[in-house]
Amino acid sequence: MTDVGAVARRALGLLDLTDLSDGCTEHDVRRLCQRACTPFGRVAAVCVWPRFVSTAHDELGEEGIRIATVVNFPTGDED
């Protein structure tokens with residue numbers, strides 16, 4: 001029999017929560033960060049637009065969750 005909690009903890013630690021939507025707001029990033037810690041554990045990282053990295057940092061504090069961002073996304077055709 002599989003321990004569902006153990007599976008959830010393992011899976012969460014391998015996932016990133018991401019919001020790279022065009023309409024993403026500071027409020028959306030704060031909500032995303034609040035979802036990063038669950039009763040089963042924490043996600044590996046929160047991925048947001050560069051302009052929201054400091055917001056994510058402020059919201060996550062010392063939770064031990066990494067913050068990821070993107071450069072030249074999504075097409076990769078900018079210098």
Side-chain angles (χ1 to χ4, degrees):
M1 180 177 265
T2 302
D3 177 5
V4 175
V7 172
R9 281 187 293 281
R10 175 78 173 141
L12 280 170
L14 300 172
L15 294 175
D16 294 349
L17 286 182
T18 302
D19 189 341
L20 298 173
S21 63
D22 290 334
C24 184
T25 66
E26 188 173 300
H27 176 73
D28 296 330
V29 171
R30 291 190 184 283
R31 275 197 349 236
L32 187 72
C33 290
Q34 291 166 0
R35 291 178 43 219
C37 290
T38 75
F40 291 108
R42 300 176 178 118
V43 298
V46 170
C47 184
V48 295
W49 290 110
R51 67 183 177 271
F52 295 124
V53 168
S54 62
T55 300
H57 182 268
D58 292 345
E59 189 67 30
L60 291 171
E62 299 296 321
E63 292 293 333
I65 298 169
R66 291 186 170 98
I67 300 168
T69 193
V70 294
V71 177
N72 205 8
F73 179 82
T75 59
D77 58 357
E78 295 178 32
D79 290 339

Q: Calculate, to the nearest 0.5 Å, the distance between atoms CD1 and SG belonging to Ile65 and Cys33 respectively.
A: 7.5 Å

Q) In terms of heavy-atom contacts, does CZ of Arg51 have more than 12 from other residues, nucleotides or ligands at under 6.0 Å? A) yes

(Q) Rounded to the nearest 0.5 Å, what separates atom CG in Asp19 from atom CG in Asp22? (A) 10.0 Å

Q) Is there a side-chain contact between Arg9 and Asp3 (heavy atoms, below 4.5 Å)? A) yes

Q. Is there a path of hydrophobic side-chain contacts, each under 4.5 Å between heavy atoms of I, L, V, M, F, W or Y residues, that connects Leu32 with Leu15?
A. no

Q) What distance do Leu60 atom CG and Thr55 atom OG1 have between them, rounded to the nearest 0.5 Å? A) 10.5 Å

Q: Kindly state each residue pair satisfying salt bridge (charged side-chain N to carboxylate O under 4.0 Å, His left out) with at least one member in residues 27-39, sequence neighbours excluded.
A: Glu26-Arg30, Asp28-Arg31, Arg30-Glu59

Solution key, residues 40-50 side-chain donor-acceptor pairs under 3.5 Å, sequence neighbours excluded:
| residue | atom | partner | partner atom | Å |
| --- | --- | --- | --- | --- |
| Arg42 | NE | Glu63 | O | 3.1 |
| Arg42 | NE | Glu63 | OE1 | 3.4 |
| Trp49 | NE1 | Leu20 | O | 3.4 |
| Trp49 | NE1 | Ser21 | O | 3.1 |

